[in-house]
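Input: a single structure, listed below in structure tokens.
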Amino acid sequence: MNLTDVKNLFKYNIPGISIPIYKFLIFIVVIFVSIIIAQIVKINIRRTFKERVPKTTLSLMEKIAYYGILIIGFLAALGNLGFQLSGLLFTGGIIGIVIGFASQTVVSNLVSGLFLLIEKPIKVGDGVSIGDVSGVVKDIRVLSTTIRTWDGIYVRLPNEKVFTSNIQNFVAHAARRFEYKIGIRYKDDAEKAMEIIKNLLEEHPLILKEPAPQVFVAELGDSSVVLAVRIWAPSQHWFSVRTEMLWKIKVALEKEGIQIPFPQRVIWMAGKTEG
Amino acid sequence: MFGKYKLSLQLKEKDIEITIDGRGKRRRYYRKVGEEEEEKYIYAENGEIVICPVEPVNLPKEGTAEHLLIELEKSIIIEPNVKDSFYVKFPIEIGVFLIDKTDVERIDIFTRVKPKYILYGSPESGIICRWWKSNVYNDVPEVDRTYEGVMKVDIKNSYKEWVEIKKLVFRAFDMKIFYDGYAYMHSQVEILKKLMGETSFIKRRPKGMKESIDIYLAKGIKRFEKKFVMEWGFK
């Protein structure tokens with residue numbers, strides 16, 4: 001086979017689709033080059049922004065850049081094959097509408113996912129409650145969000161559900177408050193009890209200095225004087241502080257002779273004479 | 001206590017005890033502060049131990065805060081367009097590191113004081129800071145080097161009105177601690193508005209002092225942000 005034969009071979013049409021082989025090869029090369037460029041851009045975006053932007057935003061940036069370059073490359077390659085891009089866009093539009101109608105849920109999840117990434121009511125690693133699911137956000141993908149519940153169960157929520165549900169993010173703010181109600185006997189010194197509790201709270205490193213904890217008599221109950229203890233702690237650690245402090249308060253009060261009474265009721269017997 | 005040691009040491013200062021013993025590759029690290037103890041095994045033949053003050057935001061739980069708030073016992077009221085300097089004390093944590101030519105490995109971090117944290121700003125947008133209260137000193141104050149250091153503060157009021165300063169907030173990422181007998185930092189505070197200022201650190205090493213190991217670099221975290229903007233005021 002001489003050089004002329006090779007040139008002629010490249011001019012041959014691919015049977016059935018009347019596109020010369022060399023144009024088809026250029027199409028393949030353009031697609032291949034655009035994949036390489038997209039990979040390089042993706043890697044560079046990751047390197048540059050890895051420690052500057054949150055993981056979810058980085059993932060979105062990578063995907064937009066990667067698929068954007070692929071689409072541009074694909075359209076450029078199609079132009080080389082002689083396809084009219086306007087016609088393609090028209091056809092694409094029609095197909096898009098058909099697919100859109102056929103996959104409303106998918107599109108709805110996709111759009112909700114994009115809004116979640118823009119609005120950022122939750123982030124990967126946040127402790128949240130979405131509708132009736134509570135746990136830690138493990139991943140926010142384009143179509144779904146995955147949660148590991150507090151008891152370790154994997155839950156996949158469609159983004160549309162996440163977007164339309166009430167979301168409680170337990171760690172969105174730097175600090176959060178929790179409260180205990182502690183009853184003491186009527187005969188105990190409430191002032192002393194409050195002082196003991198305040199000293200105990202002051203000792204704990206993760207109970208915030210400001211907003212300062214509050215300890216006060218909240219209620220004169222049926223069986224006890226009810227003290228309210230309001231504590232602010234860093235959102236990341238509030239649960240460990242909450243589980244730790246209640247027992248410590250109980251122990252500290254009892255050490256000073258202040259007791260938490262059982263519910264009690266005084267019964268007066270009718271007809272019983274005095275003396 | 002601060003300095004570089006071989007892989008065998010025995011130190012005691014106040015209620016701090018640090019021991020590294022053992023032979024050959026296998027060593028035992030033991031530390032006691034008050035009632036709190038820590039014990040680890042080190043499998044190493046080469047390398048040295050560095051004990052130095054580190055940024056005071058690692059205890060009791062790492063990642064709790066990235067800022068230090070120093071509350072001044074007495075406020076400073078500063079006139080417009082005035083520059084001045086004063087000293088405050090700041091809390092330190094003590095880091096024990098294993099270093100060789102290529103790597104720095106953290107063995108332990110401890111402190112003699114119980115840390116306390118505070119919210120600077122509002123709960124929805126504020127930040128958690130390590131809290132410390134200090135007097136304001138005209139000259140370098142005497143410190144207990146086992147739990148506190150000295151910070152020189154260069155302050156400048158660039159605002160057109162008098163401003164009262166009751167607290168200063170510094171970014172731990174930006175800190176540069178030096179040590180000799182005690183820990184030392186040099187900070188800058190610029191008041192930009194009545195409720196806004198910028199704090200940063202001067203990184204130049206004072207003569208005769210050594211540079212502490214940067215806890216963030218030791219953890220492999222690169223630093224990007226430098227100055228801290230105090231946007232929730234000084235009181």
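In this text the structure is predicted, and so the values were computed from the model without any measurement. Chain letters run A, B, ... following the sequence lines, proteins first and then strands; every chain starts at 1.
- Annotation: side chain of A/W232 is not in contact with side chain of B/L119 (no heavy-atom distance under 4.5 Å).
- A/Q236 places none of its side-chain heavy atoms less than 4.5 Å from the side chain of B/K61.
- The shortest non-hydrogen separation linking A/P205 to B/P60 is CG-CG, 3.8 Å.
- Contact of B/K116 with chain A is made through backbone and side chain together, with heavy-atom distances under 4.5 Å.
- Taking a 6.0 Å sphere around NZ of B/K40, one finds it holds more than 12 heavy atoms contributed by other residues, nucleotides or ligands.
- The OH atom of B/Y117 sits 8.0 Å away from the NE2 atom of A/H237 when rounded to the nearest 0.5 Å.
- Minimum interatomic distance between A/A175 and B/I128 (heavy atoms only, all atoms of both residues): CB-CD1, 4.1 Å.
- A 6.0 Å sphere centred on OH of A/Y67 holds no more than 12 heavy atoms belonging to other residues, nucleotides or ligands.
- By the neighbour-count criterion of 12 heavy atoms within 6.0 Å, atom CD of B/E124 is densely surrounded, having more than that number from other residues, nucleotides or ligands.
- Sparse packing is recorded around CG of A/D222, with 12 or fewer heavy atoms of other residues, nucleotides or ligands lying under 6.0 Å away.
- Scanning both residues, B/T64 and A/P234, for their nearest heavy atoms gives CG2-CG, 4.1 Å.
- Counting heavy atoms of neighbouring residues, nucleotides and ligands inside a 6.0 Å radius, atom CZ of A/F32 does not exceed 12 of them.
- Crowding of B/F110 atom CZ: a count of heavy atoms from other residues, nucleotides or ligands under 6.0 Å exceeding 12.
- Interface remark: B/P123 contributes backbone and side-chain atoms alike to the contact with chain A (heavy atom separation under 4.5 Å).
- Other residues, nucleotides and ligands place no more than 12 heavy atoms under 6.0 Å from the CZ atom of A/F115.
- For chain B, no part of A/S235 is nearby; none of its heavy atoms comes within less than 4.5 Å.
- Using a 4.5 Å cut-off on side-chain heavy atoms (C-beta onward), A/E210 and B/I118 make contact.
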